[in-house]
Amino acid sequence: MSFDFYKRAAIVCRAIPYGKAATYGQIALLCGRPKNARQVGYALNRNRLGDAIPAHRVVNARGILSGAAAFETADMQKILLENEGVKVRFTPDGWQVDLKKDGWHNTMEDALRFLEIFQAQDI
DNA sequence: TGCTTGACCACTC
DNA sequence: CGAGTGGCCAAGC
């Protein structure tokens, strides 16, 4: 049995529904490593997960857009989210989405389903 | 090997 | 509540 955090993270990120936002910690949890939130950010920053990753749907635990330089322009992430119908508002800390409304709310079944997929693919 | 860094997070006053 | 603090863990030098 092996464990490839990046492959797992790529699968989870691609599963974030259109029009929803997920948090770094949430992705780490679904990957089976609850404490690896920082690594999720690291992976996205270096584009380590491959192509076709909806990185704009990933925000921090408070719903703040990291706005990191992986996007071509500073407000690219905000624009992509708004195009999907997600409301983004300005706060002193930065652009923020309402996780209560537009957050990706997982069930325990979701988590278990991902773990099955990882086990089946030995990643 | 050891030390620094980072698109993070939870807890405590 | 808000700021401060400490924990976390892989990468890269």
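Because only heavy atoms are used, hydrogens play no part in the values below, and waters and symmetry mates are left out as well, while side chains stay in. Computed from a predicted structure; not experimentally measured.
As rounded to the nearest Å, C:dT5 and B:dA7 have P atoms that lie 22 Å from one another.
Among the nucleotides C:dA11, B:dA7, C:dC9, the one closest to any side-chain atom of A:Lys35 is C:dC9. Side-chain proximity of A:Tyr6 to the nucleotides B:dC9, C:dA10, B:dA7 is greatest for C:dA10. Of the candidate nucleotides C:dG7, B:dC9, C:dA10, C:dG7 has the atom lying nearest to any side-chain atom of A:Arg38. The side chain of A:Asn45 has B:dA7 as its nearest neighbour among B:dC9, B:dA7, C:dA10. The listed nucleotides are B:dA7, C:dC8, B:dC9; the one nearest the side chain of A:Thr23 is B:dC9.
Distance A:Asn60 CG to B:dC9 C1': 9 Å, rounded to the nearest Å. Between A:Leu44 atom CG and C:dA11 atom C1' there is a gap of 15 Å when expressed in whole angstrom units. Distance, A:Arg33 CZ to B:dC9 P: 18 Å, rounded to whole Å. Atoms CG (A:Asp4) and P (C:dA10) sit 12 Å apart, rounded to a whole Å. Rounded to a whole Å, the CD atom of A:Gln39 is 14 Å from the C1' atom of B:dT5. To the nearest angstrom, P of B:dA7 lies 22 Å from NZ of A:Lys78. Taking atom CG of A:Asn36 as the reference point, atom C1' of C:dA11 lies 13 Å away to the nearest angstrom. For the pair A:Ile53 CD1 and B:dA7 P, the computed distance is 18 Å after rounding to whole Å.
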Taking only distance into account, with no hydrogens and no angle test, what donor-acceptor pairs under 3.5 Å do side-chain atoms of residues 83-97 of chain A form with protein atoms, sequence neighbours excluded?
residue : atom : partner : partner atom : Å
A:Glu84 : OE1  : A:Gly19 : N            : 2.8
A:Glu84 : OE1  : A:Arg57 : NE           : 2.9
A:Glu84 : OE2  : A:His56 : NE2          : 2.9
A:Glu84 : OE2  : A:Arg57 : NE           : 3.3
A:Glu84 : OE2  : A:Arg57 : NH2          : 2.9
A:Arg89 : NE   : A:Gln96 : OE1          : 3.4
A:Arg89 : NH2  : A:Gln96 : OE1          : 3.0
A:Thr91 : OG1  : A:Asp93 : N            : 3.1
A:Thr91 : OG1  : A:Gly94 : N            : 3.2
A:Thr91 : OG1  : A:Gly94 : O            : 2.8
A:Asp93 : OD2  : A:Arg62 : NH2          : 2.6
A:Gln96 : NE2  : A:Arg62 : O            : 2.8

Name every donor-acceptor pair, under 3.5 Å, that has one atom in a side chain of residues 115-123 of chain A and the other anywhere in the protein, sequence neighbours excluded.
residue  : atom : partner : partner atom : Å
A:Asp122 : OD1  : A:Ser2  : N            : 3.1

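At the heavy-atom level, A:Arg46 lies under 4.0 Å from the strands shown only through sugar-phosphate atoms.
At a cut-off of 3.5 angstrom, counting only N and O atoms as typed in the model, there is a donor on one side and an acceptor on the other between the side-chain of A:Tyr24 and the base of B:dA7.
For the pair A:Asn106 (side chain) and A:Asp110 (backbone), a donor-acceptor distance under 3.5 Å is absent. Within the 3.5 Å criterion, the main-chain N or O of A:Gln39 finds no donor-acceptor partner in the side chain of A:Asn36.
At least one side-chain heavy atom of A:Leu81 sits under 4.5 Å from a side-chain heavy atom of A:Leu65.
Between A:Arg48 and C:dG12 there is a side-chain N or O to OP1 or OP2 distance below 4.0 Å. Dashed line: the shortest gap from a side-chain N or O of A:Tyr42 to OP1 or OP2 of C:dC8 is not under 4.0 Å.
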